[in-house]
Structures are given as structure tokens and as C-alpha cells.
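Presented below is the structure to which this report refers.
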Amino acid sequence: MNNLKIYNTLSRKIENFKPIHEGRAGLYVCGPTVYSDVHLGNCRTFISFDLIYRYLLYLGYKVRYVRNITDAGHLEGDRDEGEDKFAKKAKLEQLEPMEIVQKYTLGFHEVMRAFNTLPPSIEPTASGHIGEQIEMIKEIIANGYAYETNGTVYFDVEKYNIEFAYGQLTNRKLEDLMEGTRELQGQDEKRGRLDFALWIAAKSETLMKWNSPWGWGFPGWHIECSAMSSKYLGETFDIHGGGMDLQATHHTNEIAQSQACNHKSPVNYWMHTNMLTVNNVRMSKNAGNGFLPGELFTGDHPLLEKGYSPMAVRFFMMQTHYRSTLDFSNEALQASEKGHARLIAAMKTLENLKPTTSTTSDIEALQKACYDAMNEDFNAPILVAQLFEGSRIINSVNDGKETITADDLALLKRTMHGFVFDVLGLGGLVGGPDSYRDNQGQDDKLSSTIDLLLDMRQKAKDRKDFATSDEIRNKLEALGFVIKDGKDGVSWGV
RNA sequence: GGCAUUGUGGCCGAGUGGCUAGGCUCAGCUCUGCAAAAGCUGCUACAGCGGUUCGAAUCCGCUCGAUGCCUCCA
């Protein structure tokens with residue numbers, strides 16, 4: 001449990017993970033803004049952190065995993081101009097803002113389930129924590145790091161920077177940041193160009209608004225994460241994660257708010273996941289090169305040659321480290337699809353392995369290699385390579401080319417199950433994720449039927465009636481089944 | 001312009017200075033009635049040029065290329 005290493009954005013180094021409380025870990029991940037369908041880039045981030053969450057659990061940590069839902073106050077422009085996203089979408093769709101929130105929250109959960117991600121321990125909403133956010137803003141004002149103008153409260157970045165390093169997370173100096181900032185209209189209310197809103201005064205047309213000491217309004221985007229993370233994980237907690245694109249603005253402001261409020265650094269380990277690209281260009285909502293998870297599953301998109309199962313996609317993501325960019329292409333996806341199928345086939349074979357009195361491969365070394373891979377900043381690609389070594393052993397034992405003792409077989413099963421299913425989250429034995437397991441009863445009937453056909457084929461083979469046996473095989477294969485003639489009989493897969 | 005990341009074999013992708021992951025593709029072999037599956041073997045990889053070193057894909061410098069952030073985004 002003590003060998004885990006994590007790359008910390010703050011130090012730009014791989015560090016030993018030392019939790020604040022022995023045996024426990026607090027993890028906060030910035031969740032989605034639910035004003036439209038979740039897109040695949042978001043999914044990659046959440047799947048990456050699902051892996052991290054799963055491995056912490058697998059190591060025996062008691063983890064509190066908090067992932068928020070942003071359902072209020074997220075403006076179009078990050079620097080406080082623009083319109084409320086929910087209200088804008090609501091006008092377009094003629095719905096109440098909270099209907100939008102509900103619709104896309106449900107859709108988000110559906111996709112997360114399809115990818116077999118574990119639900120977080122707590123999934124707090126911004127709109128449900130307005131009080132906490134107001135209290136935090138009051139404290140920041142009392143501490144002298146924020147000021148109110150016409151019902152809007154701004155964070156005073158330049159004043160904060162005198163005492164703290166505002167740009168520490170991105171290694172930037174305040175002067176450089178100032179240069180890079182444009183002069184925007186309607187900003188006379190701000191004292192400094194980098195100042196950002198903690199609370200925004202409602203206009204007459206604002207649909208989502210709450211009462212506050214500064215009048216009716218809504219919270220700025222960044223304050224919700226500071227308020228909710230400190231509420232559920234404490235003023236300083238272990239790990240905060242999110243996509244790399246949040247590093248410069250959102251997370252930088254989160255640190256500033258928390259420091260200004262609580263006088264302490266909020267997070268020990270900052271983790272950032274890399275972007276998803278298509279043809280080497282970042283997939284983004286507005287670039288037109290993105291597709292939705294649903295389109296990926298069905299293949300119903302011009303960029304996709306066919307559909308890919310959620311587990312094949314998850315496996316594809318596990319073959320790349322979370323800090324590397326991941327490029328989507330049909331070729332790469334299809335390669336992963338086959339690799340995934342081969343690994344899952346070996347998992348099935350593992351169930352039927354027969355032990356003997358000696359072992360030819362070093363199972364303990366395999367197990368250690370799996371732990372080593374994940375302990376090195378959650379290196380899933382190396383883990384996958386080790387699991388293929390495990391699958392090679394499984395198949396060799398199955399072919400009678402290698403042997404294994406009962407004890408080693410038990411260890412091999414524990415290792416393979418633990419890392420394939422519990423850590424990588426590649427679904428259960430029968431058909432993968434829960435959504436694919438609904439027709440369990442049918443599956444049983446189907447497999448009896450296939451077994452019957454294969455039994456008939458065997459009888460035909462026994463009397464050298466190869467015409468009949470091949471006909472059965474060819475027709476089954478045409479239906480998508482794979483027939484494997486093994487040493488001790490026939491097996492099949494889909 | 002500033003701050004970062006990055007350039008690995010046909011493709012995708014790991015790589016902590018020396019022991020050259022893994023998957024997919026392709027070719028061959030073993031097994032098989034034939035296939036499939038499985039196993040084994042192979043396919044002149046580290047952008048270029050210098051440097052440090054006994055030794056560099058890995059460290060340093062320069063050149064060229066790609067990407068991200070700095071402006072909504074996971």
C-alpha cells in the first residue's frame with residue numbers, strides 16, 4: 001500500500017503517495033457541466049479517474065471519491081461575460097433550466113454506466129450548495145481578497161499574488177499572465193484584469209438566481225468546487241483531478257479561493273489527464289471533430305467505420321497512459337477490439353484450467369509486475385502488457401505446453417480477476433458491462449443450443465462426415481461465433 | 001509572443017543510460033481431416049545534427065515538425 005507513486009502537477013514530478021490519514025484517500029474530480037450531451041473527451045477523463053479510484057480501492061484504501069455536477073452559474077465566457085449556459089439552452093429547447101440539468105445528468109450517468117465506471121461516493125450539485133458557496137465568499141471578502149461592485153463579487157488576483165503564487169500550477173508569473181489577457185468590454189467593475197467573479201449579480205432575464213448578501217445572483221464557476229471539496233474532503237485533501245484544460249484557469253482559481261478562505265493549500269496532489277484527439281487535433285465541443293459516446297457505440301458518424309462496444313473503447317483507453325494524448329482512429333480502435341476479445345477469451349479459458357503438481361511460469365513475478373506497473377503513476381499500458389503475458393500462460397497451460405499447481409492457479413486467478421475486472425474495470429465474465437448482461441437467461445438457452453450443435457458436429461466428425469461437420473461450423477461462424485477445437489474438446493465464443 | 005507537452009518499427013502505444021514492453025497487421029512454422037483458436041519465430045524503431053559518457057530512445061545543445069493552454073471546454 002505504501003509503494004504508490006503519483007505524478008503531481010504542482011511539482012511536475014512523480015512523488016510517493018502519502019495520504020493525510022493512513023489508509024484513507026480523499027479524491028475530488030471536476031465533473032461535467034450538464035447543459036448538453038457528455039462528449040467522449042469528458043469520458044476519457046472520468047474513465048481515467050475511475051481507474052485511479054479502482055486502484056486505490058484495490059490497494060485497500062478507504063476512498064471518498066467526490067465528483068461534482070455543475071448545474072448552475074457556468075457562464076459562456078469564463079471571464080464573466082456571456083450568458084448562463086443552462087438558461088441559454090433552456091430558451092433553445094423551451095424547457096425549464098432544471099429540466100435541462102435533469103435530462104443531461106441522466107444521460108451522463110447512462111454513459112458512465114455503459115463504460116462500467118463506478119459511481120463516486122458523493123456527487124454534489126452546485127445548485128444544492130449555494131449556501132456553502134455564499135459562506136465561502138463572505139469569508140474571502142472578510143479576509144480582504146475580494147470586493148463587491150454592483151452586486152457582483154470579484155476575487156482580487158493581484159492582491160492575492162503579493163502573498164501567494166497565483167500562477168504556481170502552470171508555472172507562470174503574474175506579469176506574463178497580465179500580458180496574455182485581453183482588454184474586454186464591460187469590465188470597468190473589475191479592479192484588475194485577471195480578477196474573476198465569485199458571485200454574479202442577476203440581470204432581469206436571468207432564470208437561475210439565488211438571494212445573497214449582495215442581492216439576487218448566482219455563483220461564479222470556480223467557487224463551487226472550492227466549497228464542495230472542502231465541505232466533503234476537508235480544507236486540505238489528498239488528490240484533486242481533472243482534465244488538463246482546467247489547469248490554467250479553473251484549478252488555478254480554485255487554489256486561490258481556498259487559500260484566501262482557509263489560509264492553507266487545499267490539495268496535496270494535483271492530477272491532470274490529457275486530451276483526446278482525432279487525427280491529432282483535440283476533440284472539442286466546437287471543433288466539429290467530436291462524436292458522442294452513443295455514436296461511437298453504434299458507429300453512426302461519418303468518422304466511424306463501425307460501432308465499438310463500450311468495453312472495447314475502455315480497453316483502448318487503458319492501452320494509453322492517462323497523461324499522454326490519445327488519438328482516435330478506426331484502425332487503432334479495431335486493433336484494440338481484437339486485443340480485448342483475446343484477453344477476455346483467455347479469462348474464460350482460465351476458469352477451466354486443470355492444475356498439476358508443478359508450475360512452469362513464475363506467477364508471483366507476474367503478480368508483482370502488475371502491482372509495479374500500477375504503482376508507477378497508474379501505468380495501465382504496462383499492466384495490460386503483463387496481463388497479456390498472463391493470458392499467454394493461461395493458453396499454454398490450456399494447450400498442455402505448460403503446467404500449473406493448484407496454489408499457483410489460485411494466485412493466477414486472483415491476479416487476473418483483480419487486475420482485469422476490479423482495476424481496469426473491463427466488465428464481468430459473461431458479456432462485459434451490466435447493460436450487456438440483461439439477457440442472461442437468453443444467454444443460457446443460447447449456449448445450450450450451441451453446445452447441442454457442436455455435439456452433433458463432433459458426432460459427424462467421428463464418423464468422418466466432414467461435409468456435415470464443416471457445414472455446422474461454417475454456418476455458426478457466419479452467425480458470428482468462433483469455434484475453437486482444443487485438446488480436450490471444443491469451445492466457442494461470440 | 002508567453003507557459004508547457006511531444007516526435008519510437010506497417011499501425012497504435014510503453015519505455016526509470018547498459019538487460020532492446022505489449023496489442024494489431026503481415027509472413028513462416030507447430031498443432032489440425034481442412035480451418036479456426038492457441039503457441040513459437042520473423043518483419044533493418046527510436047525526427048535530424050552535434051555533445052556528455054566505457055555505453056543514450058533515455059541526459060545536454062541546436063535545427064525541423066506536431067500538439068495543448070494562455071479565450072468556453074474533461
Side-chain angles (χ1 to χ4, degrees), chain A residues 9 12 14 29-33 36 38-49 74-79 81-82 85 167 170-173 175-177 179-182 184 221 241-250 252 272-277 280-287 290 315-316 319-321 323-329 331-340 342-343 345-346 349 369 373 376 379-389 391-392 394-396 398-402 461 464 466 469-470 473-474 477 481-487 490-493:
Chain A
T9 308
R12 271 158 278 272
I14 290 180
V29 174
C30 292
T33 303
S36 65
V38 63
H39 87 108
L40 214 56
N42 300 30
C43 293
R44 147 107 125 146
T45 294
F46 301 134
I47 291 170
S48 293
F49 281 104
H74 195 168
L75 294 174
E76 288 284 292
D78 198 35
R79 297 201 179 274
E81 71 279 12
K85 278 185 173 170
T170 43
N171 198 24
R172 264 176 274 204
K173 295 195 181 85
E175 305 86 74
D176 298 336
L177 286 165
E179 266 177 48
T181 312
R182 297 173 307 176
L184 297 164
W221 174 34
M244 265 184 181
D245 48 354
L246 296 183
Q247 190 180 329
T249 307
H250 182 55
T252 290
H272 290 97
T273 58
N274 216 320
M275 300 293 108
L276 189 65
T277 62
N280 293 312
V281 179
R282 178 185 164 191
M283 182 187 283
S284 73
K285 283 174 186 167
N286 300 330
F315 179 77
F316 172 63
Q319 281 186 298
T320 303
H321 188 82
R323 279 190 287 118
S324 301
T325 54
L326 173 62
D327 194 54
F328 250 72
S329 68
E331 207 181 358
L333 238 16
Q334 279 161 34
S336 286
E337 194 175 46
K338 286 179 188 169
H340 173 248
R342 218 162 69 80
L343 182 63
T349 305
E376 196 64 27
N379 200 322
I382 292 184
L383 171 61
V384 169
Q386 296 307 325
L387 295 173
F388 274 107
E389 168 64 13
S391 120
R392 203 211 91 240
I394 291 167
N395 287 323
S396 293
N398 189 238
D399 287 350
K401 288 169 184 163
E402 293 204 22
K461 278 174 73 173
K464 304 253 190 252
F466 296 122
S469 72
D470 286 356
R473 183 181 68 201
N474 293 339
E477 283 181 348
F481 294 94
V482 181
I483 311 303
K484 305 166 191 173
D485 287 341
K487 201 166 65 74
V490 193
S491 62
W492 60 276

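Residue numbering restarts at 1 for every chain, and letters A, B, ... go by the order of the sequence lines.
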Go through the structure and list residues passing ring-ring contact (aromatic ring centres under 6.0 Å, His included) with A:F316, not counting sequence neighbours. A:F328
Once you round to the nearest 0.5 Å, how far does OG1 of A:T277 lie from CG of A:L326? 7.0 Å
Nearest atoms (heavy-atom pairs only) where A:I382 meets A:A373: CG2-CB, 3.5 Å
Short heteroatom pairs, N/O only, protein and nucleotides 17-20 of chain B, under 3.5 Å:
none

Over how many whole Å does the gap from A:L40 atom CG to B:C73 atom P extend? 19 Å
When rounded to whole Å, the NE2 to P distance for the pair A:H39 and B:C73 reads 11 Å
Residues passing the ring-ring contact (aromatic ring centres under 6.0 Å, His included) test with A:F46, sequence neighbours excluded, are A:F108
Distance, P atom - from B:C19 to B:G55, rounded to whole angstrom: 14 Å
For A:R392, answer base if it contacts any base atom (sugar-phosphate contacts may also be present), sugar-phosphate if it contacts only those atoms, and nothing otherwise; contact means non-hydrogen atoms under 4.0 Å. sugar-phosphate
For the side chain of A:N42, starting at C-beta, report the closest nucleotide among B:A74, B:A21, B:G23. B:A74
Do you know the tightest heavy-atom contact between A:T9 and A:Q247? CG2-NE2, 3.5 Å
Under 3.5 Å for both distances, Watson-Crick or G-U wobble, that's the pair rule; now give the dot-bracket for RNA chain B, with | marking pairs to another strand and [ ] for crossing ones. (((((((..(((.....[...))).(((((.......)))))....(((((..]....))))))))))))....
With no hydrogens and no angle check, just 3.5 Å: does a side-chain donor-acceptor pair link A:S336 and A:Q319? yes
What class does the angle between the rings of A:W221 and A:H250 fall in, given that below 30° is parallel, 30 to 60° is tilted and above 60° is perpendicular? parallel
If the P atom of B:A47 is compared with that of B:G7, how far apart are they to the nearest Å? 8 Å
Gap between atoms CD1 and P, on A:I47 and B:A74 respectively (whole Å): 15 Å
Output yes when at least one side-chain N/O atom of A:T325 is less than 4.0 Å from OP1 or OP2 of B:U6, else no. no
In terms of heavy-atom contacts, A:S324 and A:T320 come closest through CB-CG2, 3.9 Å
On RNA chain B, more 5' by nearest nucleotide between A:L246 and A:T277 is A:T277
Touch class at under 4.0 angstrom, heavy-atom based, for A:L276 against every strand present: base
Quantified in whole Å, what is the C1' atom distance between nucleotide B:C46 and nucleotide B:U6? 14 Å
Scanning both residues in full, the closest heavy-atom pair of A:C30 with A:L246 reads CB-CD1, 3.7 Å
Got a list of protein N/O to nucleotides 7-12 of chain B N/O distances below 3.5 Å?
unit_1	atom_1	unit_2	atom_2	d
B:C11	O2'	A:E331	OE1	3.2

May I ask you to verify whether the side chain of A:R473 and the base of B:A35 hold a donor-acceptor pair under 3.5 Å? yes
Separation of B:A21 atom C1' from A:Q386 atom CD, nearest Å, is 8 Å
Atom CZ in A:R342, atom CG in A:N395: separation rounded to 0.5 Å? 7.0 Å
Rounded distance [0.5 Å steps], CD1 in A:I394 versus CG in A:L343: 8.0 Å
Listed pairs, N/O of protein and of nucleotides 25-32 of chain B, under 3.5 Å:
unit_1	atom_1	unit_2	atom_2	d
B:U25	OP1	A:K338	NZ	3.3

Base, sugar-phosphate, or nothing for A:H340, non-hydrogen atoms under 4.0 angstrom? nothing
Taking the C1' atom in each of B:C69 and B:A74, what is the distance between them to the nearest angstrom? 14 Å
Over how many whole Å does the gap from A:M244 atom CE to B:C70 atom P extend? 13 Å
Polar side-chain contact A:R342-B:C24 base: donor and acceptor under 3.5 Å: no
Identify whether any heavy atom of A:M275 sits under 4.0 Å from a base atom; if not, whether one sits that close to sugar-phosphate; answer base, sugar-phosphate or nothing. base
Taking every non-hydrogen atom, the tightest pair across A:E376 and A:I14: OE2-CD1, 4.1 Å
Report the nucleotide, chosen from B:A74, B:C73, B:C3, that has the shortest atom-to-atom distance to any side-chain atom of A:R172. B:C3
What's the gap between B:U5 and B:G10 when it is taken at their P atoms, as a whole Å value? 29 Å
Please give the distance between the P atoms of B:A38 and B:C54 as a whole number of Å. 48 Å
Whole-angstrom distance between B:C59 and B:G65, as gauged at atom C1': 22 Å
Check this one for me: any side-chain N or O of A:N379 less than 4.0 Å away from OP1 or OP2 of B:A14? no
Test side-chain contact (heavy atoms from CB on, under 4.5 Å) on A:M275 and A:D245 and set out the steps. CA-CA 8 Å; A:M275 300 293 108; A:D245 48 354; 3.7 Å; yes
Atom-pair distance (CG on A:L343; C1' on B:A38), nearest Å: 15 Å
For A:H321 and B:U16, what is the distance between atoms NE2 and P respectively, to the nearest whole Å? 11 Å
Identify whether any heavy atom of A:N395 sits under 4.0 Å from a base atom; if not, whether one sits that close to sugar-phosphate; answer base, sugar-phosphate or nothing. sugar-phosphate
If I take atom CG in residue A:D245 and atom P in nucleotide B:U71, what distance separates them, rounded to the nearest angstrom? 13 Å
Contact class for A:G41 vs. all strands (heavy atom < 4.0 Å): base, sugar-phosphate, or nothing? base
OG1 on A:T33 to CG on A:N42, rounded to 0.5 Å: 8.5 Å
Name the closest nucleotide to the A:S469 side chain, picking from B:G13, B:G33, B:G23. B:G33
Output the distance between atom NE2 (A:H272) and atom OG (A:S48), rounded to the nearest 0.5 Å. 13.0 Å
Give the intermediate values and the outcome of side-chain contact (heavy atoms from CB on, under 4.5 Å) for residues A:R392 and A:E402. CA-CA 10 Å; A:R392 203 211 91 240; A:E402 293 204 22; 2.5 Å; yes
Can you tell me how far P in B:C34 sits from the matching atom in B:G22, rounded to whole Å? 31 Å
